[in-house]
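The structure appears right after this line, and notes come after that.
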Amino acid sequence: MVAILGYSRRQIQDAVQGMYTAVAETPESPFHFPVGDAACRQLGYPPALTAPLPEALLASFAGVGYPFRAGAIHAGDRVLDIGAGAGVDALIARRLAGPDGHVIALDLTAAMTRKLRDVTEASGIDRLDVVQASAERLPFADASLDAITSNGALNLVPDKRRAVAEMFRVLRPSGRLQLADVVIHRPVSVDCHEDPRLWVECVVGATVKEELLALFEEAGFEAIEVVGRHDYFALSPSAQTREVAAGFGAHAIELGMRRGAGAPSRLRQAWLRLDPRRWLRLLQRRGLLGVVALGLAVLSCYGTLALAALLPLLGIGLALDEGTWALTIAAFVLLTLGTLAAGHRRHRALAPTLLAVTGSAAILHALFIDYHPLVELAGFLLLAIAALRDRQARRRQEARVLGLP
């Protein structure tokens, strides 16, 4: 996979084209991901589908899954293959679409489109057009396609939201989409833009699975279904790539869905993006839930004190139930402690947990046993230091997995 964090669009595209030019021109070279006919078999392609294909194209196959599991392509369909590469999926789609169908193979890499065009022309393969273009700007009319297939392309696209919107635009209402792509369990947070090696050895261009599904839902796709998942990186010949993938929970999924009648309203899209459950999951995966919980604990404690002091000056009375107030602070403190302690499973650093336990004990002692403002303040300071140390430990662990200095 290709790392994209911290780079410009041009750098991302250059890195993608450089790697897949090598796959097109020298497929026998060693790569950190599986390629060729062997990769097809490992990913679940039936031999009956791949056996008739030209060997030159099979040799440059570099997909991450078997998107046809979703069954999106029907006889007579006008089909677009996004990120077609050497054209293995495009040729399979052509066979499934039948004599009345038509397939367009689109790829960003000139070497791939050139190879596919040369082989198809030499083999007399018809009903297949080859186009060099970006997934972010599909050169097709609105509602002009019946089905789209894609295999290992979206994780390489810088602006995924735009690419998904383009898929929605060019599909007709109720048109079908199938794709295989790489997803991660948690996002990368370290800054790796100083190491160009990571362009071809990391998974930071991939998206958290739930976020990827949300992108399609926001665009207006319906009946979104995960039809398959597998440990794609277990097939990698590179021990470093396998370690990086394991560190971020990277794996491949296969999706099927259909285009809705129309795009959701802006209000609906805003609600989907602001759904608190989505943000809680994202904060948890980024290791920031403890920081947020600590902020809420501080706000509920000292913010309430500030309100209690200021409101009477404005002639507003504030009836404060001290028991409820204390329980609210304690709940946020314990949530902070729990999330920081859970971080130990990831980075194995003991200091954040010990600091969090000590700080939480001091706050709870002040709240429920013997109140002293300095003890309470010291507890919050210890929790803040614990949150900072936890964040630093997480970033160090990610840097170690990525091989950064």
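Values in this document were obtained by computation on a predicted structure and should not be read as measured data.
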Taken in chain and number order and not counting sequence neighbours, the residues that satisfy ring pair (Phe, Tyr, Trp, His ring centres under 6.0 Å) with Phe68 are Tyr66
Whether Arg242 side chain and Phe233 backbone form a donor-acceptor pair below 3.5 Å: no
Mind listing the closest non-hydrogen atom pair of Lys160 and Asn155 along with its distance? NZ-O, 3.6 Å
Does Asp100 use its side chain to pair, donor to acceptor, with the backbone of Ala75 at less than 3.5 Å? no
Hits for side-chain contact (heavy atoms from CB on, under 4.5 Å) against Arg172, two or more places apart or cross-chain, chain-then-number order -> Ala143, Asp146, Ser174, Arg176
Judged by atom type as modelled, is there a donor-acceptor pair below 3.5 Å linking the side chain of Glu136 to the main-chain atoms of Arg162? no
If I take atom OG from residue Ser60 and atom CD from residue Glu28, how far apart are they, to the nearest 0.5 angstrom? 8.5 Å
Once you round to the nearest 0.5 Å, how far does NE2 of His102 lie from CG of Leu128? 7.0 Å
Could you give the side-chain donor-acceptor pairs of residues 322-337 under 3.5 Å, partners two or more places apart or in another chain?
unit_1: Trp325; atom_1: NE1; unit_2: Ser300; atom_2: O; d: 2.7
unit_1: Thr328; atom_1: OG1; unit_2: Thr324; atom_2: O; d: 2.9
unit_1: Thr336; atom_1: OG1; unit_2: Leu294; atom_2: N; d: 3.1
unit_1: Thr336; atom_1: OG1; unit_2: Phe332; atom_2: O; d: 2.8

If you measure from CG on Leu388 to CG on Leu355, what distance do you get to the nearest 0.5 Å? 10.0 Å
Residue list, side-chain contact (heavy atoms from CB on, under 4.5 Å) with Leu350, at least two apart or on another chain: His344, Leu354
Got a donor-acceptor contact below 3.5 angstrom from the Asp89 side chain to the Asn151 backbone? no
Result block: side-chain N/O donor-acceptor pairs under 3.5 angstrom for residues 213-229, not counting sequence neighbours:
unit_1: Glu218; atom_1: OE1; unit_2: Arg161; atom_2: NH1; d: 2.4
unit_1: Glu218; atom_1: OE1; unit_2: Arg273; atom_2: NE; d: 3.1
unit_1: Glu218; atom_1: OE2; unit_2: Arg278; atom_2: NH1; d: 2.3
unit_1: Glu218; atom_1: OE2; unit_2: Arg278; atom_2: NH2; d: 3.1
unit_1: Arg229; atom_1: NH2; unit_2: His251; atom_2: NE2; d: 3.3

To the nearest 0.5 Å, tell me how far Asp77 CG sits from Leu145 CG. 9.5 Å
Have a look at Val88 and tell me which of Leu116, Asp37, Asp81, Leu53 forms a side chain to side chain contact (heavy atoms under 4.5 Å, CB included) with it. Leu53
Would the distance check show the side chain of Ser123 and the main-chain N or O of Ile125 forming a donor-acceptor pair, the cut-off being under 3.5 Å? no
Under 3.5 Å: donor-acceptor pair, side chain of Arg127, backbone of Ala97: no
Identify every side-chain donor-acceptor pair in residues 365-379 under 3.5 Å, counting partners at least two apart or on other chains, and give the distances.
unit_1: Tyr371; atom_1: OH; unit_2: Glu376; atom_2: OE1; d: 3.3
unit_1: His372; atom_1: ND1; unit_2: Leu374; atom_2: N; d: 3.2

Side-chain donor or acceptor of Ser29 paired with backbone N/O of Thr26 under 3.5 Å: yes
Using modelled atom types only, decide if a donor and an acceptor are shared between the side chain of Asp107 and the backbone of Met112 within a distance under 3.5 Å. no
Between the main-chain N or O of Ala56 and the side-chain N or O of Lys115, is there a donor-acceptor pair closer than 3.5 Å? yes
Looking at Phe61 versus Tyr45, is the centre-to-centre ring distance below 6.0 Å? yes
Smallest separation among heavy atoms of Leu106 and Ser134, with atom names: CD2-C, 4.4 Å
Between Thr109 and Thr21, is there a donor-acceptor pair closer than 3.5 Å when you use the side chain of the first and the backbone of the second? no
Nearest 0.5 Å, what's the CG-CG distance between Leu108 and Leu156? 9.5 Å
Whether Asp390 and Arg394 form a salt bridge (side-chain N of Lys/Arg under 4.0 Å from carboxylate O of Asp/Glu) is what I want to check. yes
Could you check, using the six-membered ring where one of them is a Trp, whether Tyr302 and Phe380 have ring centers closer than 6.0 angstrom? yes
Where Leu177 and Met167 come nearest, the two heavy atoms and their spacing: CD2-SD, 3.9 Å
Do you know the tightest heavy-atom contact between Ser144 and Arg78? O-CD, 3.1 Å
